[in-house]
There are 2 protein chains.
Amino acid sequence: MRKKTLHRKALTIESGEAASKGEQTRSLILETALEMFGERGYEETTMRAIAEKAGIAQGATYYHFRSKEHLIQAYYERMHELHQESCAEVLKKERTLKGRLFGVMSQILDNMEPYHQFAGILFKTAADPQSPLNPFSPESEPARRASVELFAEVLKGARTKMPPDLEAEAPMLLWLYHMGIVLFWIHDSSPKQRRTRRLMERTVEIVVRLIQLVSLPPMSPLRKSVLRLLTDLREEAS
Amino acid sequence: MRKKTLHRKALTIESGEAASKGEQTRSLILETALEMFGERGYEETTMRAIAEKAGIAQGATYYHFRSKEHLIQAYYERMHELHQESCAEVLKKERTLKGRLFGVMSQILDNMEPYHQFAGILFKTAADPQSPLNPFSPESEPARRASVELFAEVLKGARTKMPPDLEAEAPMLLWLYHMGIVLFWIHDSSPKQRRTRRLMERTVEIVVRLIQLVSLPPMSPLRKSVLRLLTDLREEAS
DNA sequence: GTCTATAACCGGATAGAC
DNA sequence: GTCTATCCGGTTATAGAC
């Protein structure tokens, strides 16, 4: 799950094992960049300034990061790790679907909060179909898979029963729901993104109700045609 | 509805009325730019090259378009106009909700097809929460309103009956659905975006079924809580 | 108000020496 | 792996012509 860089860095810190010089520089650049992005914003932070503050030549930064956008990608990975860790606690405690989904979504919003302004930029580059940062791109398939896995976890530990056909697709559908909330969050300019909180609280309830509803026998035809569509699309993709 | 520039251009063509020199130049730049974007792609087309091909000084392009992105905006407006016009025909013929929605969605996909690659770029800039191009930004409120209006039209002419509470929100919900399809389309790399076609065909059916289902009395509580959420969010926004 | 011509600035990205 | 020098293209500035 962990990316090599972060892993090695962790090793350096935790066990004192010497990281190669390259790894050290890479870390230094990343720390400097993220710090400056946080202070000054993404567009306003030039690659030159990052290099200067880190005390290395501009060319060297391009040796370690293919482009300015790739610095964002590193942030992205770090954030995902944070989600994994903080949600683990919630999932140990909560046993109802509603509680678990709410807990996970809350954690995710908490984790992202400090980076709201920055996330707008991230989203902009992530939205580019060409970009490897794009959540639907093949490059980010591992990250996506891990993310969906988090929602599989949400469902697995809950007492709520559902038909097997739905159970198979539900994690992906919850992930999609979560992406919608994140999309709203990005565009939410209310103080502390309170509107997103409210939206999340209320839609979690609706989502849970919807799952129960759609599990009922009279809903079977509709459910099946939607699920059929999903599997067809997936097959077509390969 | 029409933008001034396009209107004047149309007049020039249709009635021979002289457009001002400025309007002509503006048109010329836009045509040239769109053509080159289509041939070479957005990133690969430089402002210098556009100016050169149009036979104009580079400074002049900046006189007419504040930035390279503003050329995209012009494309955006043109596309919206095209949708309005081509959908009008469909809406005159079709009388069922399914037929109308399918017709409109088909037209939209047809209109966009030549610009698939280009649309990726457009989307990238449009996704930036800061950008005036963003479909959720205040700046694009008129365009959004007009777009929602198109779906109000879809519903108005259909025989399908629905409860008044739903009727009020349905155009916006259909617009949101349409945005989802466009999002999929942007990321669809299948030949001629066939996967999007298929997705659209099948989801139109599901959407219509969903509308009928949710109009049923036993669905009233769920429907009301969703609709309540929507109006609450709107109120909060102002 | 509409445009030309030209030069400069800025910052992301790259080449090639060491 | 790191440096210096350079390229490239979006953008801005200026001064002047019609």
Side-chain angles (χ1 to χ4, degrees), chain A residues 4-5 8-9 12 18-34 36-37 39-75 121-122 124-125 128 130-133, chain B residues 4-5 8-9 12 18-34 36-37 39-75 121-122 124-125 128 130-133:
Chain A
K4 224 180 289 175
T5 317
R8 293 232 193 122
K9 189 185 138 242
T12 312
S20 71
K21 187 147 185 236
E23 298 287 355
Q24 278 178 13
T25 310
R26 195 189 141 92
S27 264
L28 175 61
I29 294 167
L30 182 54
E31 296 310 324
T32 310
L34 290 183
M36 294 181 79
F37 288 162
E39 284 167 9
R40 251 167 276 182
Y42 179 76
E43 306 276 6
E44 289 66 33
T45 306
T46 70
M47 292 297 267
R48 280 178 237 273
I50 294 168
E52 192 181 353
K53 184 159 183 186
I56 56 177
Q58 197 188 348
T61 66
Y62 279 94
Y63 176 80
H64 292 283
F65 297 91
R66 195 177 294 275
S67 75
K68 196 177 177 185
E69 282 188 10
H70 280 74
L71 284 167
I72 295 182
Q73 192 161 23
Y75 154 83
I121 313 289
L122 170 65
K124 178 181 163 154
T125 67
D128 182 354
Q130 254 52 283
S131 167
L133 280 171
Chain B
K4 223 181 288 176
T5 317
R8 292 233 192 120
K9 189 185 140 242
T12 312
S20 72
K21 187 144 186 238
E23 299 286 355
Q24 279 178 12
T25 308
R26 194 187 141 91
S27 265
L28 176 62
I29 295 167
L30 182 55
E31 296 308 324
T32 310
L34 290 182
M36 293 180 82
F37 289 161
E39 282 167 10
R40 252 167 274 182
Y42 179 77
E43 306 277 6
E44 289 65 35
T45 306
T46 69
M47 292 296 268
R48 287 167 173 86
I50 294 168
E52 191 181 354
K53 185 157 181 186
I56 283 175
Q58 198 188 346
T61 63
Y62 280 93
Y63 177 80
H64 290 283
F65 298 92
R66 192 178 296 275
S67 75
K68 199 178 176 185
E69 279 192 12
H70 281 73
L71 284 166
I72 294 181
Q73 193 162 21
Y75 154 83
I121 312 289
L122 168 65
K124 180 181 163 152
T125 66
D128 181 355
Q130 254 52 283
S131 166
L133 280 171

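Below, read A as the first sequence line, B as the second, and so on, with proteins coming before strands; counting in each chain starts at 1.
Y42(B) carries K68(B) over the face of its six-membered ring, with the cationic atom under 6.0 Å from the centre and within 45° of the normal.
Atom P of nucleotide dG12(C) and atom CZ of F65(A) are separated by 15 Å, given to the nearest angstrom. Atom P of nucleotide dC3(C) and atom CG of L28(B) are separated by 10 Å, given to the nearest angstrom. In this structure, CD of E52(B) is placed 13 Å from P of dT6(C), rounded to the nearest angstrom. Distance Y63(A) OH to dT4(D) P: 18 Å, rounded to the nearest Å. One can place CD of Q24(B) at 12 Å from P of dT2(C), the figure rounded to the nearest angstrom. One atom, CZ of R26(A), and another, P of dT2(D), lie 13 Å apart when rounded to the nearest Å.
At dT2(C), none of the side-chain N or O atoms of T25(B) fall inside 4.0 Å of OP1 or OP2 (strictly under the cut-off).
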Go through it in stages, so that I can follow the logic: the residues are I50(B) and L71(B), the test is side chain to side chain contact (heavy atoms under 4.5 Å, CB included), and I'd like the CA-CA distance, side-chain angles, deciding distance and then a yes or no. CA-CA 11 Å; I50(B) 294 168; L71(B) 284 166; 4.1 Å; yes
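Within the nucleic acid shown, T45(A) comes within 4.0 Å of sugar-phosphate atoms alone, with no base atom in reach, counting heavy atoms only.
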Show me the protein contacts with nucleotides 11-14 of chain D, counting only N or O atoms at under 3.5 Å.
from    : atom 1 : to     : atom 2 : distance (Å)
dT11(D) : OP2    : Y62(B) : OH     : 3.2
dT11(D) : OP2    : K68(B) : N      : 3.0

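L30(B) CG to R26(B) CZ: the interatomic distance, rounded to the nearest 0.5 Å, is 7.0 Å. One distance of note links NE2 of H70(A) with OH of Y62(A); it measures 11.5 Å at 0.5 Å rounding. Note: H64(B) NE2 to I56(B) CD1 = 6.5 Å, rounded to the nearest 0.5 Å.
Proximity of a side-chain donor or acceptor of T61(B) to a complementary backbone N or O of Q58(B) within less than 3.5 Å is detected.
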